[in-house]
Amino acid sequence: MSPLPALPRHRVWLPAAIVLLLSACQPAAQAPATASAPAAAPIPASAPAAAAPVHRLATLPDGVELRGKLAAAYGWNDAAGQQLLMLGERQDERAADGTQSAMLYAAQYTLGQGKPRRQWMLSDGVERCEFDAGAGFDLDALSFPDLNRDGVLETVIGYHSTCTSDVSPNDYKLILHAGKAKYGLRGLDRQGMSWLDPEHGLSSRLPLPTDCSPQAQLALQAKGWEREFEPPYLPGCYTDENDFATAPPAFVKYMRKQWFARMRELENSWIKRQQE
């Protein structure tokens, strides 16, 4: 997909230096890696329909390729067999030319019957950023629903990326995979939109949106809030729902609900960090 256009905010952007990647990659020729991650208790699959529990994995089996550093891995069984989700992050040191890159990798594998079979792979991030590059998975946004009730779990992952020198919203994406099909909501999170003033308490540059339709974003901005952000790039909103035009209706309904719930949680987390 094409990267989001430069946003009219108080930061300096050099589009030619920033490349946002989001593509399905072919299996790499390098040898598969095995890595460790902190073990955790089983987490329930977040699903409207009953599904098997999803477990955090401590290691990757042979045949599962790791790119970057292992951020987390999860395993479960569903009607399609034994499944594994791998999440990898790579934060590069600043290069000789002063630029910096930060990349994310995610992939789902089906295990058993010999070598693990990769169902899909996602790569995204920031390359050759002349400011501070950052990218990371939002593990609290992970969910494994069975939205179409076919016994096969979908995967929903959230992550952020940025190339900036100030405190301002990150690019944020919430991506759903149903088999090899991919659907996403892409926009901005709420970092830097609310702050605590010692004299006046909590202040906000822009209220937390509850509707990201073009009409709702225009109506919100028309109330007189700061004009450094313009629809469809209001902090806390995604740009559109175009990916879901041919998807089952349950998909966009679920993802819309997840987006707004996560934006509120991120807003509260940002405010809490200012109190520490």
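Both backbone and side-chain heavy atoms feed into the values below; hydrogens, waters and symmetry mates do not. None of these values were measured; they are calculated from a predicted model.
- At a threshold of 4.5 Å between side-chain heavy atoms, the hydrophobic network of Ile, Leu, Val, Met, Phe, Trp and Tyr places L176 and F260 in one connected group.
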- Item | Residues Q119, K180; criterion side-chain contact (heavy atoms from CB on, under 4.5 Å); working and verdict | CA-CA 6 Å; Q119 301 302 316; K180 296 181 182 296; 3.9 Å; yes
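- Between the side chains of W76 and Q83, no donor N or O sits under 3.5 Å from an acceptor N or O.
- None of L153, V156, L122 except one satisfies the side chain to side chain contact (heavy atoms under 4.5 Å, CB included) rule with H177; the exception is L122.
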- Message: Determine whether L185 and K173 satisfy the following criterion, side-chain contact (heavy atoms from CB on, under 4.5 Å), listing intermediate values before the conclusion.
- Response: CA-CA 6 Å; L185 298 176; K173 300 179 184 180; over 6 Å; no
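- Looking only at side-chain heavy atoms (C-beta outward), Y74 and L142 come within less than 4.5 Å of each other.
- D124 and Y105 are not linked by any side-chain donor-acceptor pair at a separation below 3.5 angstrom, with hydrogens and angles left out of the test.
- The CD atom of E265 sits 13.0 Å away from the CG atom of D189 when rounded to the nearest 0.5 Å.
- Within the 4.5 Å cutoff, side-chain heavy atoms of R67 are placed close to those of M121.
- Contact of the P209 side chain with the Q217 side chain is not registered, since no non-hydrogen atoms from C-beta on lie closer than 4.5 Å.
- Judged by distance alone, the side chains of T110 and Q82 never bring a donor and an acceptor atom under 3.5 Å apart.
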- Task: Kindly determine whether L85 and L57 satisfy side-chain contact (heavy atoms from CB on, under 4.5 Å), including the steps that lead there.
- Result: CA-CA 9 Å; L85 175 67; L57 303 178; over 6 Å; no
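- With Y109 contributing its side chain and E65 its backbone, the two residues share a donor-acceptor pair below 3.5 Å.
- Looking at every heavy atom in both residues, W120 comes nearest to A106 through CZ3-O, 3.6 Å.
- A side-chain donor-acceptor contact under 3.5 Å links D146 to the backbone of D150.
- Nearest heavy-atom pair across A71 and L139 is O-CD1, 4.4 Å.
- No side-chain heavy atom of P232 sits less than 4.5 Å from a side-chain heavy atom of Y238.
- Residues L70 and L87 have side chains not in contact (no heavy-atom distance under 4.5 Å, counting atoms from C-beta outward).
- Relative orientation of the F244 and Y183 rings is parallel, given thresholds of 30° and 60° on the angle between their planes.
- Within the 3.5 Å criterion, the main-chain N or O of P235 finds a donor-acceptor partner in the side chain of R190.
- Across M263 and L188, no two heavy atoms sit closer than the pair SD-O, 3.8 Å.
- In terms of modelled atom types and a separation under 3.5 Å, the side chain of T164 and the main chain of D166 share a donor-acceptor contact.
- Exactly one residue among L147, L174, I175, D243 makes a side chain to side chain contact (heavy atoms under 4.5 Å, CB included) with M255. That residue is L174.
- Minimum interatomic distance between Y172 and R262 (heavy atoms only, all atoms of both residues): OH-CG, 3.6 Å.
- A distance of 7.5 Å separates CE in M193 from OG in S168, rounded to the nearest 0.5 Å.
- By the 4.5 Å heavy-atom criterion applied to side chains, N148 and E154 are counted as neighbours.
- Contact record, G192 with V167: CA-CG1, 4.1 Å, taken as the closest heavy-atom pair.
- Using a distance-only test at 3.5 Å, with no hydrogens or angles considered, no donor-acceptor pair links the side chain of D138 to the main chain of Y159.
- For the atom pair OG of S123 and CG of L104, the computed distance is 9.5 Å after rounding to the nearest 0.5 Å.
- Counting heavy atoms from C-beta outward, L84 and P116 have side chains that stay 4.5 Å or more apart.
- With 3.5 Å as the limit, one finds a donor-acceptor pair spanning the side chains of Y254 and S143.
- Here the options are E130, E127, R94, R128, the test is side chain to side chain donor-acceptor pair (under 3.5 Å), and the partner is Q100; only R94 passes.
- Side chain of Q191 to main chain of N170: no donor-acceptor pair is present (N/O by atom type, distance under 3.5 Å, no hydrogens or angles).
- Taking each heavy atom of A178 and F251 in turn, the nearest pair found is CB-CE2, 3.8 Å.
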